[in-house]
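We count ligands from 1, going down the list as the structure has it; atoms in each ligand are counted the same way. In this text the structure is predicted, and so the values were computed from the model without any measurement.
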Amino acid sequence: MSSFKDGATERAARKIASLSPELRSLTEEGARIIKSGGLVAFPTETVYGLGANALDPDAVASIYEAKGRPSDNPLILHVSSVEMAERVVEINARALLLIDAFWPGPLSVVLPAKDIVPPRTRGGLPTAAVRMPDSAPALALIEMSGLPIAAPSANISGRPSPTDAQTVRSDMGDRIPLVIDGGDTRFGVESTVVDMTGEHAVLLRPGGVSKEDLEKTLDEEVLLPQDQQIIKRSPGTRYRHYAPSVPLVLCAAHLVPEESRKWAWMGIKEPGGTPCAAVLFKNKAEYAKGLFRALRMLEKSGAEVIYAESPDEAGIGRALKDRLERAAGK
Ligand code: AMP
Ligand code: MG
C-alpha cells in the first residue's frame, strides 16, 4: 500500500472534509473522550454506534458494561483509512477487492487479527472484523482520535438498534458522556459481515451490501454458513436481538389471522383486517431503514401483538428478513 493513496481512503478523506463546523467541534470533543478511554455514541450510515478505543481493553470493557453485552460477542473495529485497517488485521488480495469496491460503506470484513488488537475486543477469537463507515462524523471521529474505534450498536443489549440520536439518549443517555447527533441513519440495518479468512467467502450476517453485490465483485459464490458453523465463527449471531416488548409475528399481508387481541401491523402492503396501529413502507429499502424505529413505536401503541410482513430475500431483503426473524425470536 503506502506510497499511493487508495480509493477507499481517498473517499473517506473527501467525506471528512465535508463535515459541518458544528459537527466538527462536537467530533473534536468526542475524539478527546475516545483518546482518554471514554465512550462516545456517534452516527454511522447503518445505525448509531457506541464507540471506544479498540486497542484499550479497559475502554472496550466499558462498552460491554454500558450495553449489558455478553463478553464473548466480538466488536467491529471502525477505521478511517486502509492503512489503519492494516494496523489491526492481515488484509489479503480478495479482501482488498471488497474494500476497494465497498468502503466506506456497510461492509465488515473478518480477517486474521494482529497482536495489537486485545482479545477482549475480538471476543477471544484469532480474527477481527473491520469496516470503514460511510458517515462524515464517524470518519472524522476516528481520524481525529487517530485510533480504530470498536463500536457495537448504541442500545441496551437485545433491544432494537437506534437509528436516531434521541433513541440513543433514551436507551443509554445517562451511561455515556457524549452523543453526536447526525440525524437519521441511511440504511437502518447493521453492516454485512463477511468472513474472508478461509478459502471461500462466508456471509456471517446479511446487511446493507447484498450477497449478490459481494459475488459480483469477488466473481465467486459467497457461502451461507451452517447454523453450527455460524455460531462458532460469529458468536454474536447466537444472541436474542432487536426484541420489541410485545410479541412479533411474521406473515403475509393477506394472511393476518382473526385476532381477539389488539394488533399492530408493519409492512409494504396493507394488511387484511383492522390493526390498532400500522407503519407502511414504500419499498424494502424504506422498510429496512424504518424497521427498528417502527418496532419501538408499535410496542408503545397499545397493541398486544405486532404482525410484520416478511419480505423476499433479494438485495436488502435478506438483511431485513434476518432482523425481522431475530426480532420475532426465531
Ligand atoms: P454488532 O456490534 O452488534 O453489530 O455485532 C457485530 C457482529 O459482528 C456480531 O454478529 C459479531 O459476532 C460479528 N463479529 C465481530 N467480530 C467478528 C469476528 N472476529 N469473527 C466473526 N464475527 C465477528
Ligand atoms: Mg447490535
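- Near Leu204, the atoms of ligand 1 lying under 4.0 angstrom from a non-hydrogen atom of the residue are 21 (C), 22 (N).
- Ring-plane geometry between Phe42 and His78 is classed as perpendicular, the angle between the planes exceeding 60 degrees on a 0 to 90 degree scale with a lower cut at 30.
- Remark: Ser135 pairs with no residue by the side-chain hydrogen bond (donor to acceptor under 3.5 Å, both in side chains) rule, at least two apart or across chains.
- Side-chain atoms of Asn155 and Arg159 form no donor-acceptor pair, as typed in the model, at a separation below 3.5 Å.
- Hydrophobic clustering, defined by side-chain heavy atoms of Ile, Leu, Val, Met, Phe, Trp and Tyr closer than 4.5 Å, groups Met172 together with Leu39, Tyr48, Leu50, Val60, Ile63, Tyr64, Leu75, Ile156, Val168, Ile176, Val179.
- Ser191 and Thr46 share no donor-acceptor pair across their side chains, judged by distance under 3.5 Å alone.
- Distances below 4.0 Å separate heavy atoms of Leu125 from the following atoms of ligand 1: 18 (C), 19 (N), 20 (N).
- Applying the 6.0 Å contact sphere to CG of Asp312 captures more than 12 heavy atoms from other residues, nucleotides or ligands.
- Counting atoms of ligand 1 from 1 in the listed order, those under 4.0 Å from a heavy atom of Thr127 are 18 (C), 19 (N), 20 (N).
- Across Gly49, Ser108, Ala113, Pro74, heavy-atom proximity to atom 16 (N) of ligand 1 is greatest for Pro74.
- The distance from ligand 1 to the heavy atoms of Ala128 drops below 4.0 Å at these ligand atoms: 19 (N).
- Taking every heavy atom of Asn73 and a limit of under 4.0 angstrom, the matching atoms of ligand 1 come to 9 (C), 11 (C), 12 (O).
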Could you walk me through whether Asp134 and Lys15 satisfy the side chain to side chain contact (heavy atoms under 4.5 Å, CB included) test, starting with their C-alpha distance in whole Å, then the side-chain angles of each, then the deciding distance to 0.1 Å, before giving a yes or no? CA-CA 8 Å; Asp134 188 16; Lys15 197 104 199 179; 3.0 Å; yes
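- Taking 2.8 Å as the limit, the number of protein N, O or S atoms around the Mg ion (ligand 2) is 1.
- If you number the atoms of ligand 1 from 1 as listed, the ones under 4.0 Å from a heavy atom of Arg205 come out as 1 (P), 4 (O), 5 (O), 6 (C), 7 (C).
- Atom CD of Glu29 and atom CG of Leu178 lie 5.0 Å apart (nearest 0.5 Å).
- With sequence neighbours excluded, no residue forms a side-chain hydrogen bond (donor to acceptor under 3.5 Å, both in side chains) with Asn283.
- Counting heavy atoms of neighbouring residues, nucleotides and ligands inside a 6.0 Å radius, atom CD of Glu270 does not exceed 12 of them.
- Polar contact with ligand 1: present for Arg69 (N/O pair, distance under 3.5 Å).
- With a 4.0 Å cut-off on non-hydrogen atoms, Ile76 touches ligand 1 through its side chain and not its backbone.
- A donor atom on one side chain and an acceptor atom on the other are not found under 3.5 Å apart for Tyr287 and Glu309.
- For ligand 1, the atoms lying closer than 4.0 Å to a non-hydrogen atom of Pro152 are 2 (O).
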